[in-house]
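Notes for the one structure printed next.
All values derive from a computational prediction rather than experimental measurement. Letters A, B, ... mirror the listed sequences (proteins, then strands); counts begin at 1.
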2 protein chains.
Amino acid sequence: MLSKKTKYAIKALVALGKNVENPPMQIVRLAEQEMIPRKFLEQILLDLRNAGYLYSKKGAGGGYSLNKNAADIYLADILRITDGPIAMVPCASLKFYRKCDECHDEKTCGIRKTFIDVRDATLQVLSRTSVADVIARENTDDLLV
Amino acid sequence: MLSKKTKYAIKALVALGKNVENPPMQIVRLAEQEMIPRKFLEQILLDLRNAGYLYSKKGAGGGYSLNKNAADIYLADILRITDGPIAMVPCASLKFYRKCDECHDEKTCGIRKTFIDVRDATLQVLSRTSVADVIARENTDDLLV
DNA sequence: ACAAAGTCTATTGAATAAGTAGTCTTTATT
DNA sequence: AATAAAGACTACTTATTCAATAGACTTTGT
């Protein structure tokens with residue numbers, strides 16, 4: 001499961017992506033609009049800003065805006081900032097590799113191989129889906145579940 | 001990330017899958033061999049047994065063995081027993097659906113649609129990979145990372 | 001000068017995961 | 001029948017992580 005932090009991060013990016021024509025958006029407004037606890041959102045935006053995805057301006061008339069084109073912000077990268085590894089086992093992670101404690105021999109581990117496949121399948125989606133894509137899908141009927 | 005519980009469950013199933021020609025395996029042996037805390041493993045095996053995947057026998061000479069063919073035990077089903085939902089957001093879950101707290105309108109939610117895609121990609125692997133497949137991959141060179 | 005923003009770090013509280021303990025039940029063996 | 005070797009079941013404890021909160025500081029526009 002995604003942490004709330006990550007979910008909030010995506011929601012914030014989507015909201016800011018829809019706000020590009022307007023002046024920067026204040027944390028308080030964003031928090032209200034997206035139903036996110038204000039101080040928690042504050043930290044999340046900070047992280048995204050420090051990672052280069054957001055631009056912020058202090059003082060009166062300040063606020064947050066995207067620092068990249070929404071089409072260039074991929075969910076995989078956001079998840080990694082807020083949740084860390086995307087793989088389901090540390091030894092299958094591309095960016096946060098760690099040996100599993102109880103692993104006898106990684107080279108022959110069938111579990112690892114399987115979860116590398118899972119990771120690749122997941123990334124196939126997440127590293128190709130941008131904030132712009134998420135926004136674009138909001139008003140289409142492409143999924144009828 | 002997979003919980004340790006799930007990882008231990010898979011390891012246990014794999015070990016038991018390799019043990020099918022032999023008499024049932026005792027918890028203690030399995031725990032030692034796979035480096036899993038004994039009492040924790042006990043609970044996990046119980047869950048798998050109650051879900052119909054394992055057969056157990058009490059008393060001297062007792063122990064655990066698979067109750068199905070290793071080729072018919074799919075990882076997706078195991079994950080659901082030990083970790084619950086496979087989807088990354090509750091509203092995208094096939095078997096454990098739950099509405100997201102902060103969701104305005106699920107029908108148009110781009111995040112949901114995206115994570116349904118992720119779920120499908122993940123299941124594409126997990127619901128086709130059996131314990132037998134995991135065992136089979138242990139001694140192949142099909143992945144050179 | 002002051003108010004309206006964001007910045008940064010620390011702390012608290014709650015939930016969940018991980019592990020432990022102990023008693024009960026079944027079964028094989030002697 | 002007694003005993004020992006297993007698993008069954010429930011309750012509890014501890015550790016970790018997540019979520020949220022607090023508060024003092026900095027920048028900037030008017």
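Backbone-only engagement by B/K4 is indicated by non-hydrogen atom pairs under 4.0 Å involving sugar-phosphate atoms exclusively. Nucleic acid contact class of A/Y55 (heavy atoms, under 4.0 Å, all strands): none. Using a 4.0 Å heavy-atom distance criterion, A/L45 is classed as making no nucleic acid contact. Nucleic acid contact for A/R38: none, since no nucleic acid atom lies under 4.0 Å from a heavy atom of the residue.
B/I27 has its CD1 atom 14 Å from the C1' atom of C/dT20, to the nearest Å. Rounded to whole Å, atom P of C/dA17 lies 14 Å from atom OH of B/Y8. Residue B/K5 contributes atom NZ, which lies 12 Å from atom C1' of C/dT16 at whole-angstrom precision. Nucleotide C/dT27 holds its P atom 16 Å from the CD atom of B/Q26, rounded to whole Å. Rounded to a whole Å, the CG atom of A/L46 is 17 Å from the P atom of C/dA5. As rounded to whole Å, 11 Å separates atom C1' of C/dC8 from atom CG of A/D47. As a whole-Å value, the separation of A/N67 CG from C/dG6 C1' is 15 Å.
A/R119 places a side-chain N or O within donor-acceptor distance of the main-chain N or O of A/A92, the cut-off being under 3.5 Å. Distance alone, capped at 3.5 Å, is enough to place a donor-acceptor pair between the B/T82 side chain and the B/I78 backbone.
Comparing C/dC8, C/dG19, C/dG6 by their nearest atom to the side chain of A/E42 picks out C/dC8.
In the hydrophobic clustering of ILVMFWY residues, with side-chain heavy atoms under 4.5 Å counting as a link, B/L75 and A/I86 come out apart. Under the 4.5 Å side-chain heavy-atom criterion for ILVMFWY residues, a single connected hydrophobic cluster contains both A/I73 and A/L41.
Relative to the six-membered ring of B/Y53, B/K68 meets both conditions, a distance below 6.0 Å and an angle of at most 45° to the axis.
Residue side chain B/Q43 reaches the base of C/dT20 through a donor-acceptor N/O pair under 3.5 Å, judged by distance alone.
Contact check, A/Y64 against C/dA5: no side-chain N or O comes under 4.0 Å of OP1 or OP2. For the pair A/S56 and C/dA5, the criterion of a side-chain N or O lying under 4.0 Å from OP1 or OP2 is not met.
Distance check, rounded to the nearest 0.5 Å: CD of B/E138 to NZ of A/K113 gives 8.0 Å.
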(message) Quick one, A/N19 with A/N22, criterion side-chain hydrogen bond (donor to acceptor under 3.5 Å, both in side chains). Give me CA distance, side-chain angles, the key distance, then yes/no.
(response) CA-CA 5 Å; A/N19 193 56; A/N22 309 314; 2.9 Å; yes

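Between B/K57 and A/D83, the residue anchored closer to the 5' end of DNA chain D is B/K57, taking for each the nucleotide with the nearest heavy atom.
The nucleotide range of DNA chain D contacted by chain A, defined by atoms under 4.0 angstrom from heavy atoms of the protein and reported 5' to 3', is D/dA19 to D/dG29.
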